[in-house]
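First up is the structure itself, then whatever we jot down about it.
Along the sequence shown, residues carry numbers from 1. No hydrogens, no waters, no symmetry mates; every other heavy atom, side chains included, goes into these values.
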Amino acid sequence: MEKEKLSFHDIFYIFLFGCIFGWIVEGIWTLIKKKMLINHSALVIGPFNLIYGIGASLLTIVLYKSIKKRNFEIFTLSFITGSIIEYIASFIMEHTLGFVAWNYSKKPFNINGRICLPYSLFWGLLGIIWIKLIYPKLKMLIDKFNKKNSVKFIKIAIIFLIFDILLTLGAIDRGKDYEKNIPPTNKYEEILDKYFGVDYLNNMFNNRWNRK
């Protein structure tokens with residue numbers, strides 16, 4: 001497996017798996033910890049937690065040639081990669097959307113509330129579990145997909161995700177206007193208020209909607 005190459009086909013499915021798997025894990029963790037259901041998706045339609053999808057993709061790119069290395073080396077690479085991903089994601093979210101979905105200011109050894117030692121350690125451990133246990137089985141499954149049908153699915157999925165991202169950005173923009181008591185000006189904004197309003201967004205973004 002050290003000599004294998006990753007294609008866009010592989011990376012896309014890894015990204016998709018990471019999005020959904022991360023959404024499930026965070027949902028279960030929140031249910032256990034807070035006794036409540038929170039939709040940890042980053043998009044208004046579907047179970048897609050993008051940071052985990054991006055994390056799974058980048059961890060795979062960084063680690064797949066290191067699968068035979070010692071756990072400590074994999075842990076270190078995952079620790080660094082995951083921390084960088086989380087910091088950049090937090091920075092981009094704050095400076096483009098005006099809020100962040102997590103804040104580690106009260107956690108020990110944090111940097112600007114964007115990353116902290118406990119969660120960076122989690123990324124390190126996750127990297128070992130991912131590249132040693134999950135990725136090899138997932139790659140075997142992906143290799144069995146019918147390439148022709150798979151290409152069609154990927155094209156449709158990309159179109160859907162672009163639509164979902166644009167709809168999410170629209171919902172966020174409309175949500176900010178709603179909180180300023182600006183009424184909807186068209187049918188589209190009425191639909192956003194009805195189906196993807198501020199309560200929906202607040203739950204989706206871990207009860208941190210519009211907070212810094």
Side-chain angles (χ1 to χ4, degrees), residues 1-28 39-93 96-97 101-102 115 119-169 204:
M1 197 169 287
E2 287 181 305
K3 295 181 180 180
E4 72 182 29
K5 293 183 179 180
L6 288 173
S7 64
F8 174 78
H9 175 269
D10 299 326
I11 293 299
F12 181 81
Y13 278 109
I14 289 168
F15 166 78
L16 209 57
F17 175 85
C19 286
I20 298 172
F21 183 71
W23 178 81
I24 293 172
V25 170
E26 278 224 64
I28 293 173
N39 175 20
H40 289 278
S41 174
L43 302 178
V44 293
I45 300 177
F48 304 114
N49 190 315
L50 298 183
I51 190 169
Y52 283 103
I54 294 170
S57 301
L58 293 181
L59 281 179
T60 302
I61 292 170
V62 170
L63 297 175
Y64 83 101
K65 291 183 178 179
S66 306
I67 193 168
K68 300 295 184 182
K69 290 186 178 180
R70 294 178 302 168
N71 285 344
F72 177 75
E73 295 177 82
I74 295 174
F75 177 90
T76 302
L77 282 172
S78 304
F79 179 97
I80 295 171
T81 303
S83 299
I84 292 173
I85 292 170
E86 201 163 22
Y87 192 97
I88 292 175
S90 172
F91 182 87
I92 291 174
M93 180 176 281
T96 58
L97 304 181
W102 63 90
I115 58 174
Y119 281 91
S120 292
L121 292 172
F122 170 76
W123 277 106
L125 180 61
L126 181 63
I128 296 173
I129 296 172
W130 173 260
I131 208 65
K132 292 282 190 178
L133 301 176
I134 300 176
Y135 166 71
K137 294 181 175 60
L138 180 61
K139 183 66 166 66
M140 288 176 62
L141 177 63
I142 293 171
D143 288 342
K144 293 179 181 178
F145 291 167
N146 179 283
K147 285 294 189 292
K148 187 176 181 180
N149 292 335
S150 190
V151 169
K152 291 180 181 178
F153 171 79
I154 289 174
K155 289 179 179 178
I156 293 171
I158 289 175
I159 292 171
F160 172 78
L161 287 173
I162 291 173
F163 166 77
D164 207 356
I165 290 170
L166 294 175
L167 185 63
T168 302
L169 293 175
M204 191 176 87

First locate atom CG of L58, then atom CD1 of I51, and finally report the distance between them rounded to the nearest 0.5 Å. 10.5 Å
NZ of K132 to NZ of K68, rounded to nearest 0.5 Å, is 7.0 Å
How close do Y119 and E86 get, heavy atom to heavy atom, and via which atoms? CB-OE1, 4.2 Å
Which atom names give the shortest non-hydrogen contact between S83 and S120, and what distance separates them? OG-OG, 2.7 Å
Closest approach of G46 and S41, non-hydrogen atoms and distance? O-OG, 2.9 Å
Using a 4.5 Å cut-off on heavy atoms from C-beta on, say whether the side chain of F75 contacts that of L121. yes
Do V25 and F21 come close enough that some side-chain heavy atom pair is under 4.5 Å? yes
Taking every heavy atom of S150 against every heavy atom of H9, the minimum-distance pair comes out as OG-NE2, 2.7 Å
Which heavy atom of A56 sits nearest a heavy atom of G18, and at what distance? CB-CA, 3.9 Å
Would a 4.5 Å heavy-atom cut-off, applied to side chains only, mark H40 and Y52 as touching? no
Closest non-hydrogen atom pair, I154 against F8: CG2-CE2, 4.0 Å
First locate atom OG1 of T76, then atom CG of N71, and finally report the distance between them rounded to the nearest 0.5 Å. 10.5 Å
Taking T168 for the side chain and V44 for the main chain, is one N or O donor matched with an acceptor at less than 3.5 Å? yes
Taking atom CD1 of I11 and atom CD1 of I142, what is their separation to the nearest 0.5 Å? 8.5 Å
Those residues that, when tested against D10, pass salt bridge (Lys or Arg N to Asp or Glu O under 4.0 Å) (two or more places apart): K139
Got more than 12 heavy atoms from elsewhere within 6.0 Å of OH, Y87? yes
Check whether any side-chain N or O of S66 sits under 3.5 Å from a backbone N or O of I74 as a donor-acceptor pair, and report yes or no. no
Side chains of L63 and L77: closer than 4.5 Å at any heavy-atom pair? yes
Residues in side-chain hydrogen bond (donor to acceptor under 3.5 Å, both in side chains) contact with T60, at least two apart in sequence or another chain: W130
Centroid-centroid under 6.0 Å between Y13 and F145 rings: yes
Give, for atom CD1 of I131 and atom CD1 of I128, the distance between the pair rounded to the nearest 0.5 Å. 11.0 Å
Go through the steps to decide whether L59 and Y135 satisfy the test side-chain contact (heavy atoms from CB on, under 4.5 Å), and finish with yes or no. CA-CA 10 Å; L59 281 179; Y135 166 71; over 6 Å; no
Just wondering, are more than 12 heavy atoms of other shown residues or ligands nearer than 6.0 Å to NZ in K155? no
Apply the test side-chain contact (heavy atoms from CB on, under 4.5 Å) to residues I14 and Y64: give CA-CA distance (whole Å), side-chain angles for both, the deciding distance (0.1 Å), then the verdict. CA-CA 12 Å; I14 289 168; Y64 83 101; over 6 Å; no
Taking the side chain as everything from C-beta on, heavy atoms only, tell me whether W123 gets closer than 4.5 Å to I80. no
Does a side-chain heavy-atom distance below 4.5 Å link L169 with L97? yes
Between CG on residue L43 and CZ on residue F160, distance to nearest 0.5 Å: 8.0 Å
